Amino acid sequence: QVQLVESGGGMVQPGGSLTLSCTVSGTPGTVIAMGWHRQAPGKQRELVAITSRGGNRDYADSVKGRFTISRDNGWNTLYLQMNNLKPEDTAVYYCNMRGYWGSEQFDSWGPGTQVAVSS
């Protein structure tokens, strides 16, 4: 079992920056990837950024060049550095871990942290 908790959300002006953190506790098994998703009211949850076991990092087109995903070597903490924030970045941001317990794949989610970008 694994538990994820996000932190670092808040209100920021357009053009500002925030860094989100996701702390991992418990025993995750074999981690495949970790990522950040977000969901605005009335919208579908969408992938923001993901980092895989091999170190590859991928981003949604809407955040490329502005957001950076990173982690520590032991999958204990996941980060999302967000620069040049825009109002459309306003959403609840969720940390996700995908992995295996034995042969069974799992997805674990944190409770989310709110990011609000406005003047």
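One is the number of the first residue; the rest follow in order along the sequence. Fair warning: this is a prediction, and the values are worked out from it, not measured in the lab.
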(request) Quick one: pull up CG in L47 and OG in S62 and give me the separation to the nearest 0.5 Å. (result) 9.5 Å
(request) Supply the atom-to-atom distance I69 CD1 to L78 CG, rounded to the nearest 0.5 angstrom. (result) 4.5 Å
(request) Evaluate the side-chain proximity of M34 to L4: yes if any heavy-atom separation is below 4.5 Å, no if none is. (result) yes
(message) Applying side-chain hydrogen bond (donor to acceptor under 3.5 Å, both in side chains) as the test, list every pair that has at least one member in residues 21-30; sequence neighbours left out.
(response) Q3-S25
(request) For the pair Q114 (side chain) and A91 (backbone), establish whether a donor and an acceptor sit closer than 3.5 Å, ignoring hydrogens and angles. (result) yes
(message) Is the distance between the ring centroids of W101 and F106 under 6.0 Å?
(response) yes
(request) Could you tell me the separation between the CH2 atom of W36 and the CD1 atom of I50, rounded to the nearest 0.5 Å? (result) 13.0 Å
(request) Enter the distance from C22:SG to M97:CE here, rounded to the nearest 0.5 Å. (result) 7.5 Å
(request) Working to the nearest 0.5 Å, report the span between CD of Q105 and CD1 of I32. (result) 4.5 Å
(request) Can you run down the side-chain hydrogen bond (donor to acceptor under 3.5 Å, both in side chains) pairs that involve residues 66-82, sequence neighbours left out, and say none if there aren't any? (result) T19-Q81, R66-D89, Q81-N83
(request) Over all heavy atoms of both residues, which pair between L80 and A49 is shortest? Give the atoms and the distance, please. (result) CD1-CB, 4.2 Å
(request) Find out if a path of hydrophobic residues (ILVMFWY) with successive side-chain heavy-atom gaps under 4.5 Å connects M82 to Y94. (result) no
(request) Identify the two heavy atoms, one from E6 and one from C95, that lie closest to each other, and give their separation to 0.1 Å. (result) OE2-N, 2.6 Å
(request) Quick one: which residue pairs count as a side-chain hydrogen bond (donor to acceptor under 3.5 Å, both in side chains) with a foot in residues 40-58, not counting sequence neighbours? (result) R38-E46
(request) Can you see which heavy atom on Y59 is nearest to which on F67, and at what distance? (result) CE2-O, 3.2 Å
(message) If you compare all heavy atoms of A40 against all heavy atoms of T90, which two are closest, and at what distance to 0.1 Å?
(response) CB-O, 3.7 Å
(message) Any side-chain to backbone donor/acceptor pair from N84 onto G16? Under 3.5 Å, distance only.
(response) no
(message) I need the minimum non-hydrogen distance between P28 and G26, along with the two atoms involved.
(response) CD-O, 3.5 Å
